[in-house]
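Step one of this worksheet: look at the structure below.
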Amino acid sequence: MHGASPPDLSSFRLNPFAFPSDTTSRFTLLLVFAIAASVLIWSSMAIRGPSPQAGFANCSPDMNAAVNALREQLAIALEHWQRGIAPPQPPAVATAECYLPISRQILHAIAIGAGLLTFFTLGVWWLHPRWLAWRMKLSRLQKDEAPELVAALALICSEAGLRRTPDFYWNPLGMAPRALAYGRAGRYRLALTGAMAMRYATDPPAFRAVILHELAHIVNRDIDKTWLAVGAWWALVASSLVPRVALQFWIPFSWLDVAASVIQVAAITSLVFVTRNAMLRARELYADARASVWMSDSHAMAAALSALRPVRGLRRLLSPHPDPAYRLRLLAATDPLFRAGFWDLVGVGAATSVGAAIIGIVGSHLGIVLALPGPGWALLLEWALPALAVTPLACVAAGIIIWRASFASLVRGRQPRAAVRGGIAAGLGTVLGPMVVWADRLLLLGAGVPSIPPALVASMATWAILLFLSPIIGLIWVQGAAKTWIPIALRRPHPGASLKAAVGLNCIFTVPWFGFLGPFLLALAVLWVLAPAFMGPFLYEISNFFPVNVLGVLNVALTWGFPMAAWLWRRPLTPGIAEWAFLVSPRPPLSHLILPLAPGRSVAIALVAGMVAGVMLGYVQVPWTPTLNFGVDQTPDTTRFVAMMVTAILVQAAVATLVVFVVSGVRVIQAMFAAFVAGNVLAIALCLQVWEFDPSLIVVCLRASYGFIILGGASAALPSALIAAMIKAGFTHIGSRLGLRETTSGVGDVPVNVEKLAKRSGVARLEPVGSGCRFHERKATP
Amino acid sequence: MTKVVDQELVGELARDLVGAIAPEELPLFTAMSKAWFADPTRVQMNQGDDVLAFGVAEAAALLSPVLLAAATHTLNYAGEQLGRNVAAASVDWLREQLRHLFHRQESGVSLDTRQIAQVRAITFETARKFRVPKAKATEIADAVTARFAPTS
């Protein structure tokens, strides 16, 4: 996938504005955490408030005993499902009746908390210009007060190309040199102290650097987010922390209760505080990057940053300002801005699970209060709604981080590697987030207050493992798609629709992975192992059940077709200079980037294998087929039908494995797409064989087998392809160590034959030079 | 301010001092002195929004407010002291003499050694209140004292 030498790190600064910034994603995380904190604190206040057991008095004299009885019943139901038998009748304890008064109380409390949080947050955002004017003792800077200063500011604003110049305010008697951009909803202001204003005459380059940095905040559109973030923090303190502390003096004292409350409140508020400051740090880095583009004199910017107070040790995580040394390093190379930050992804994971849990909690109380009938509503409110509401946000946030990291790696000629580490971080966040938020429960569990049956613990542990693995799989796929689409975007002088559409679609298509397909497939696999008697028929039923079969097949097609679709936009073959990829001139050509797809070969393998296996389907005999319990009547015909379906699934796994060994570039994605193509051929072939006996059965056949073959095939092909890819990578590594490989590009971790690369990229030849290759244009044929 | 000392007088002395100690502040001195006379409580040493502002590590990088405050306090003191000595004189006459005094011109009034020492102490204390480093505060105090010392 690499050819000529990539631009080296020190010479060319990557453009961090090609992708949405960390400021936006961290701001979104902050809002999620602030809302979660408010909901948790107010719901705990509702439970700890006056007469919490009032509702339970109607159905059970002891609230803890009733809750424990409900848990026991759930555990018994789980054990029955595991054995493939129906659970016993619902318990005598009427859950809804018991919980109704408390649920109503909790919902009221949550509504009050959310209302106050919103009111205070918007209040701070709306009133901060007045508050700052009072606190910094600012007045409007008039032209006749300091005409030269006003002229200097106007000149700097014109350099920044602002459509609307901010209003200038100052405190001429401010003795410490400070500058600050603030304001709201498009009406922005720039405040200066007298000490800073004076620098327009004493140190014009430093003055220009500081003012451009502040104007960059306006251009980066982070001012409203900043003040909403500041507002959210203080709103949380005022609307939740203060009432919570006050309540503690009002209710009966218990050491355990106080300790649990302190742990919970400290954990969730720390999460909000740390996220807020992480967002404030990010906005400074992006403002530096923007200002440095406007400054022709990079030394002035460096001098201005050098004068800032250093941020050392643990304060780097807690301070709202980044360390000046780090900011100085970013002036030389913006690459660190593209790194998939481990803690950022932990935050994304935590926000996802905490946000979903909070929505689930509100949904469950709402279901009880509104007395919605049937388990369908409960499933919708407690599971589907949270997943639908939160996973798109998480997918966009995590997806953009991986795209950015992949972009930087590919431009620098490195193999993108952020997905696994990022996936582990997001998975950890997903699992640990709720543990931090509900840290008080751990204390209560330790004290033995609520009892949890072992079956329930086992199912929770299984769920935690699924939650951990799901983002890893999702982000690996995002990275695969980024690897195919970024070279396409980099062939164009402007990223335009190609990049935006690819990132957008990639993030949208990740939703099924994070929210549905990933955890669903993993859950099914685990449950099949745990409870085969129950899961066999269930799997068969669900994969052929409309609309799951149609949506599932569509999902598989989009998941593997989307990265492959990049090949359709491969023209022009010779890459140009992607100016948008770099911040400032000179911008190098990115001739080392070559599309890592060879769909012709993989699709040909899929078609041939599918057709050959399809013809042979009529002759297969799988001896162990009768042991597969899919819940269908076991007759010779149905057993043969099951055997053909299972064969079709196994052939897809074989096709995926073969493709991995035959193609180069993004192998797993090509292998999975090939498996999908083969699966379609096999499904049609199977039903044609049925058609041979009875033409009227073809529709029934497709309905009874298509979804199962495609979804089952994808489930079998994915591990096969991954294992094959690992084996091949191991061989390649050993081969290159032993010197058995031909000349490779050398710039990436996936060695590729340069002759093949030259042929595929439409260039005359690639000449090995040092660690890379020189790029020669093919001469036009007369 | 006493009757004798007005904004013009303080402004004149402070401008002289700024010209001598921090001449780079002269371009904005008029605006700063206007703000000072309008509301001396607007002086801020290291405040502002430190969470969000681009703040250079220097604590107090501006001397004009210090010199305006020092000029106000010393002229008030001098005006009070001299007014006592020449009780019969008119306010305008005394103001004019004070102006001559700190411009080091021939004046009908003068401060004695003890009063000059007090002017120095007042100036030094004022500067220190603004967290001006000792060396700089001494420099300011010396500069102010020199304005009121006899021309000999």
Side-chain angles (χ1 to χ4, degrees), chain A residues 128 131-132 135-139 141-142 144-149 170-182 191-203 206 209-211 213-214 217 223 226-227 230 276-277 280 283-284 287 304-310 319-321 324, chain B residues 7 10-11 14-15 18-19 21-72 126-133 136-137 140:
Chain A
H128 83 267
W131 178 77
L132 273 179
R135 187 158 183 260
M136 292 179 75
K137 302 183 178 178
L138 300 170
S139 60
L141 174 60
Q142 306 292 343
D144 57 347
E145 269 185 296
E148 287 176 6
L149 172 65
W170 75 330
N171 176 0
L173 302 176
M175 293 172 66
R178 300 278 184 275
L180 173 68
Y182 64 104
L192 299 169
T193 57
M196 181 59 77
M198 202 183 68
R199 293 182 177 218
Y200 91 89
T202 59
D203 189 356
V210 173
I211 300 299
H213 170 93
E214 292 304 318
H217 285 303
I223 301 212
T226 300
W227 286 98
V230 171
R276 186 202 74 159
N277 287 0
L280 298 180
R283 85 183 196 115
E284 298 297 342
L305 292 176
S306 304
L308 295 172
R309 283 191 198 92
S319 167
H321 295 289
Chain B
Q7 292 181 2
V10 172
R15 181 183 285 276
V18 168
I21 296 167
E24 68 278 5
E25 294 182 21
L26 278 175
L28 290 179
F29 179 78
T30 310
M32 288 179 192
S33 58
K34 258 188 198 170
W36 165 265
F37 293 125
D39 181 9
T41 61
R42 277 182 83 182
V43 175
Q44 286 189 313
M45 280 168 278
N46 59 355
Q47 287 181 0
D49 199 306
D50 282 344
V51 173
L52 298 170
F54 194 106
V56 177
E58 295 167 50
L62 197 64
L63 286 179
S64 295
V66 184
L67 297 172
L68 279 161
T72 306
T126 308
R128 291 297 288 159
K129 267 188 198 161
F130 284 95
R131 296 183 201 163
V132 174
K136 198 75 186 173
I140 292 169

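Just so you know, these numbers use all the heavy atoms, side chains as well, and skip hydrogens, waters and symmetry mates. Proteins get letters first, then strands, A, B, ... in listed order; numbering begins at 1 in each.
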Chain B heavy atoms under 4.5 Å from [X]: which part of the residue, side chain, backbone, both or neither?
X	result
A:Ala287	neither
A:Gln142	neither
A:Ser139	both
A:Tyr182	neither

**OP:** Flag yes if more than 12 heavy atoms outside B:Glu24 fall under 6.0 Å of its CD atom; otherwise flag no.
**Re:** yes

Subject >> Side-chain donor/acceptor of A:Lys137 to backbone N/O of B:Thr41, under 3.5 Å >> reply: yes

For a quick test of reading the model, state the closest non-hydrogen atom pair linking [X] to [Y] and the distance between them.
X	Y	value
A:Leu138	B:Arg42	C-NH2, 3.8 Å
A:Ala146	B:Leu28	CB-CD2, 3.5 Å
A:Pro172	B:Met32	O-CG, 3.5 Å
B:Pro65	A:Leu173	CG-CD2, 3.9 Å

Original post:
Taking atom CE of A:Met196 and atom CG of B:Leu62, what is their separation to the nearest 0.5 Å?
Top reply: 11.5 Å

Original post:
Applying the side chain to side chain contact (heavy atoms under 4.5 Å, CB included) test to B:Gln44, which of A:Arg178, A:Met136, A:Met175 qualifies?
Top reply: A:Met136

